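Just so we're clear, the structure is a prediction, and the values are computed from it rather than from any experiment. Because only heavy atoms are used, hydrogens play no part in the values below, and waters and symmetry mates are left out as well, while side chains stay in. Residue indices begin at 1 and follow the sequence shown.
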Amino acid sequence: MAATQEKAPVVVCCGGGGAAAARRVDGGPGSSSRGAIVAAPAAAAAAAAAGKVSMVSGDDPRVAAAAGGGGGAVMEEIAAAVQPTTAKVSSKGKRVKCLKWITMPVQRWTNRLVDYVNHGAISNMESALYLYAPLGTGRIPIMTRAQRSHPLDPLSAAEIAVAIATVRAAGKSPEERDGMRFVEVVLLEPEKNVVALADAYFFPPFQPSLLPRTKGSAVIPSRLPPRRAKLTVYNRQSNETSIWIVELSEVHAATRGGHHRGKVISSEVVPEVQPAMDAMEYAECEATVKSYPPFIEAMKRRGVDDMELVMVDAWCAGYYSDADAPSRRLGKPLIFCRTDSDSPMENGYARPVEGIHVIVDMQNNVVIEFEDRKLVPLPPPDHLRNYTPGETRGGVDRSDLKPLIINQPEGPSFRINGYFVEWQKWNFRIGFTPKEGLVIYSVAYVDGSRGRRPIAHRLSFVEMVVPYGDPNEPHYRKNAFDAGEDGLGKNAHSLKRGCDCLGFIKYFDAHFTNFTGGVETIENCVCLHEEDHGILWKHQDWRTGLAEVRRSRRLTVSFICTVANYEYGFYWHFYQDGKIEAEVKLTGILSLGALMPGESRKYGTTIAPGLYAPVHQHFFVARMDMAVDCKPNEAHNQVVEVNVKVENAGTHNVHNNAFYAEEKLLKSELQAMRDCDPSSARHWIVRNTRAVNRTGQPTGYRLVPGSNCLPLALPEAKFLRRAGFLKHNLWVTQYKSDEVFPGGEFPNQNPRIHEGLATWVKKDRPLEETDIVLWYVFGLTHIPRLEDWPVMPVERIGFMLMPHGFFNCSPAVDVPPGSSDADIKEAESPKAIQNGLISKL
C-alpha cells in the first residue's frame, strides 16, 4: 500500500481511559463505530496511507509496560509539540488531555516516532504504533500479529523442528524417510532489500532512510516475507545428498504440540558430493573400528588388550585418487591409545598408533580396507603428557597468583534487543550457522549529524584448512577443511564465565539439528562483553606538564570450537576509534606421530622419546560483504591497493629520503587476486565512489594485514585441488548470494579441481563500482616447540579493518576521561606543574 504525504487527523490521548477513551471523545473522529486494529509498525505506515490515523497511548498496559511505565509521559511530550487541549469523555465523567483534531503529514509523524524510539523515549516501535483505527473508506492490509524474528535471526529450536518435520513428511516412502540424516538446518538468508525493510520499519534500528527514495509514494508492505530454512540431508539408504528449501510461517503451533508444518519450496539432489561429517558418525566410526577383529589383533601386537584405552578420531578422506570419489562416504581414522582407563582427562594424543591402515565406509559402518603395514612401537608414557590441575597431572600448581576481578558496578555499556547489539556508536546483529559459527550482520557506526553509516553487511569466517608438511603415512593425508568437512559452529561449545570471558557478559545460545533430526542447544555458545584495552590516546604538553589520556575499551564477540585435538577461538573486536579487528586464537593439543627407536624426522619436532610433532600450517578465510557508506542494494564501492614506494633519485628526492603511497584501482576480479607484501606496507582500501569527507576525498575502510603466509607446498599438491583459494591472500568479487564458501559447499571428497572462489573469479566481473566482497586468506606456519606440549599456549593471528578517510577527524576524541582521572588531576597541582616546567627550562 502506498504511503502518501496527504495530511491526516491524529489524536493522542495521555490520560486514563486508553483506547476506549479515544473512541469516545465527544465530536471527534474517534467516535466512529469502527473498532481499533492491532498492527505492527509497517501496518502503521499502511494505515497512514489510507489518509487518516487515530493513535492512542497512555495508561494502556501494553504501551505503559513497553515504555518502562512512561507511556503517558512520552505521549505528553509529543502532545506538547502540537497544542494539547482538553476534551470530555462520556464514560464515568472523566476528562483526558488530548490533542486538538489537527492535520500533519503522516510521513513526518512516522519519522517523529522513529526518533523517539531511537533516542530511547519509547522502547520499541511496536509499542509506539500498536493501535490504529482506520477512518473513512480506505482499505488497509493488516498484519494480524507482530513479526517475532528479524529476517537475519538464527533459526529458533522450534523453526528447526518444523523444518525437519516438513522434510520428513515430504519423503516419498518409509524407506526414504528412515534413511534421512540431517547434516545442517540453517537460515536461508533473504535478499538485502528484505533486510532493509525490516530495519526500516519492523526492527531496530528503525531507519526508514535505508529504503531507496522514489518519486511519488513509497511502497511499504504490511508484513515481511516468511522466513525460510535450508536443509542439507544425507540419505543413508541411497548415499544421496539433497538440499531442501522450506518456508516457515508461524511455527508456534509446533511448540504447543500442534501439527503445523512448513511448506517445501524446492528439493534437489546434488550429484557427486559428500556433506560434512557429523559427531554421531564419528562415534559410530570409533565403535566400528574398535570392534573389528583384525584391528583388535593389531593392537594386541602392540601390547594393548583393553579397547577402552583406544581412541579413534575419524578424519575425512579428502581426495587423492579415484578411490576417494564421493560415490562412497569414507572415513580415514587416526588411532591413539591412553595408558590409564581410570583417568578420563588423560591426554590420549600422547600415544599415537602408527603402521595401521584403516578406511571405513561411513554409510554402512563397515571397515572396507585394513592393513597392519608396520609395527611401530607405542611411545612410552610421557610423564609430562597431562594438563589437568596440580596433582592430577603429577605436578604442583603455582601459588602466587592473586585474584583479578573485573567489576562493572553500573552494568555494561552495551544494549541488547534480541540479536541486535548497540555499543558506544556501533550497532550490528549477531547470527550463527553450523558451518561458520559466529556471523556479524549489518555493521554500522552512528556518526553525529551524518547518522547511521553502514560499513559491512556480513562478516564471518567461512573456511579453514590445516595442511601437514610430513610426506609420511598417515600425515600427508592430514589436510582438514574444518568448516566444510566438520562445521565450526557445530563443534562450538558452551563457554565458562570467568575463564573464557570476564566481566559483565551477555551469552547467546545456538540451536542445531543432530544427525537423526533432533534439535540440540549449545547454551552460552557466543560471548559478548567489554574489555579494557590499554591506552586509547594520550598527549602531554611539555611546557605546562598538563596531560590528556583516555583508556581504550573494546566490545568483543566470540565463540570457541574444538575440532578433534585443536581448539580455535574466533573473535570480532569493535573499538572506540572505529576499528574492527578479526582475531583467531589457536590452542589445544598437537597432532603427533610415533617414531621408531633411534629415528628422527626433519619434518617435525621431537617432543618426547618416540614422539614427534609434524610441521603444519593453519589457514583461515574471512569473507567480508562490505557496504562502506552504502545502503542495502547500493553498489558504490571499489577496492584500491596501496603500496609504499621510495622516490627515485633526482630532483624530487635530492635528500634521498622521499617515499610516498601509490594507489592502484583493482578494476576486475582477475586483477584483484593479490598477496601481502610487508616490504611495501601493502594494504587495501574499500572506498565509496559517491561519498566524500571534508577534504573531498572518498570515504573508505582499510584492510590492514597481520602476519601471514602462503602454502608451503608444490603446485601439484593434492590438497590444493580443493583449496585453490589458498594461492592468494586477497580475492575480491562482486556480491552474489550463493557464493559463500571458497572451496564450494561440499569440499568433503570433492573431485572437482578449484571449485569455488578460484573458479568464480574466472568470470572476471568488473569491480570499479559494485557491491564488493573481500575474501582475506591468512595463516601461520607452525613449527612445533617443546613449549607447545602438552597443551599449546594461545597463538594469535588476524587482521584489522580501519577507517581511512571515513571520518573527518578522530572518532575517539570525544571519549570522556575515566573515573580514575581525578587522581591524575590531584597530582597535577599548579605547584607541581610550575616545578616541572622550571626543571625542563
Side-chain angles (χ1 to χ4, degrees), residues 148-190 225-270 273-284 329 362-363 431-437 439 484 486-492 508-523 525 745-746 748:
R148 291 174 171 84
S149 297
H150 187 277
L152 295 177
D153 284 354
L155 292 179
S156 66
E159 287 175 313
I160 293 173
V162 166
I164 291 171
T166 302
V167 170
R168 273 210 175 106
K172 297 178 181 178
S173 65
E175 292 76 15
E176 181 182 355
R177 292 191 289 271
D178 290 343
M180 285 181 174
R181 297 296 182 267
F182 295 89
V183 178
E184 180 181 271
V185 181
V186 66
L187 174 74
L188 181 64
E189 295 177 12
R227 283 154 60 86
R228 293 185 174 185
K230 178 181 177 182
L231 297 88
T232 302
V233 181
Y234 173 70
N235 193 294
R236 236 178 179 169
Q237 302 290 338
S238 61
N239 193 37
E240 289 181 334
T241 299
S242 56
I243 293 179
W244 298 68
I245 305 299
V246 173
E247 185 175 277
L248 303 166
S249 55
E250 296 296 336
V251 301
H252 307 283
T255 64
R256 297 193 298 268
H259 302 288
H260 179 81
R261 291 196 179 100
K263 175 184 177 182
V264 174
I265 301 300
S266 65
S267 65
E268 176 189 6
V269 174
V270 185
V273 299
Q274 286 293 340
M277 291 288 186
D278 185 83
M280 190 175 295
E281 291 181 288
Y282 292 152
E284 292 171 345
R329 187 165 175 80
M362 305 290 283
Q363 177 189 359
F432 205 86
T433 74
K435 275 186 184 174
E436 304 157 277
V439 180
D486 293 285
L488 301 178
K490 289 181 69 173
N491 285 282
F508 297 86
D509 297 343
H511 307 289
F512 301 102
T513 176
N514 60 27
F515 207 39
T516 55
V519 180
E520 298 181 357
T521 297
I522 302 176
E523 295 182 349
C525 184
E745 193 161 2
F746 301 102
N748 184 18

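Between the CZ atom in Arg329 and the CE atom in Met277 there is a gap of 4.5 Å [rounded to 0.5 Å]. Separating the CD1 atom in Ile160 from the CZ atom in Phe182 is a distance of 12.0 Å, to the nearest 0.5 Å. The distance from atom CG of Asn235 to atom CD of Glu175, rounded to the nearest 0.5 Å, is 10.5 Å.
Inter-residue side-chain proximity for Leu231 and Ile164 is flagged as met; some heavy-atom pair is nearer than 4.5 Å. Looking only at side-chain heavy atoms (C-beta outward), Phe508 and Cys525 stay at 4.5 Å or farther from each other. No side-chain heavy atom of Val183 sits less than 4.5 Å from a side-chain heavy atom of Asp278. Side-chain contact between Val185 and His511 is absent, with no heavy atoms from C-beta onward closer than 4.5 Å. Contact check for Leu248 versus Leu155: side-chain heavy atoms found under the 4.5 Å cut-off.
Proximity of a side-chain donor or acceptor of Lys435 to a complementary backbone N or O of Glu745 within less than 3.5 Å is detected. Within the 3.5 Å criterion, the main-chain N or O of Pro190 finds no donor-acceptor partner in the side chain of Arg227. The main-chain N or O of Asp509 is never found under 3.5 Å from a side-chain atom of Glu523 such that the two would form a donor-acceptor pair. Proximity of a side-chain donor or acceptor of Arg228 to a complementary backbone N or O of Leu188 within less than 3.5 Å is not detected.
In summary, Lys490 and Glu281 do not engage in a salt bridge, as defined by a charged side-chain N under 4.0 Å from a carboxylate O.
Between Asn514 and Glu520, the side chains place a donor N or O and an acceptor N or O closer than 3.5 Å (distance only, hydrogens not considered).
Tyr234 pairs in a side chain to side chain contact (heavy atoms under 4.5 Å, CB included) with only one of the listed residues (Glu240, Gln363, Met180), which is Gln363.
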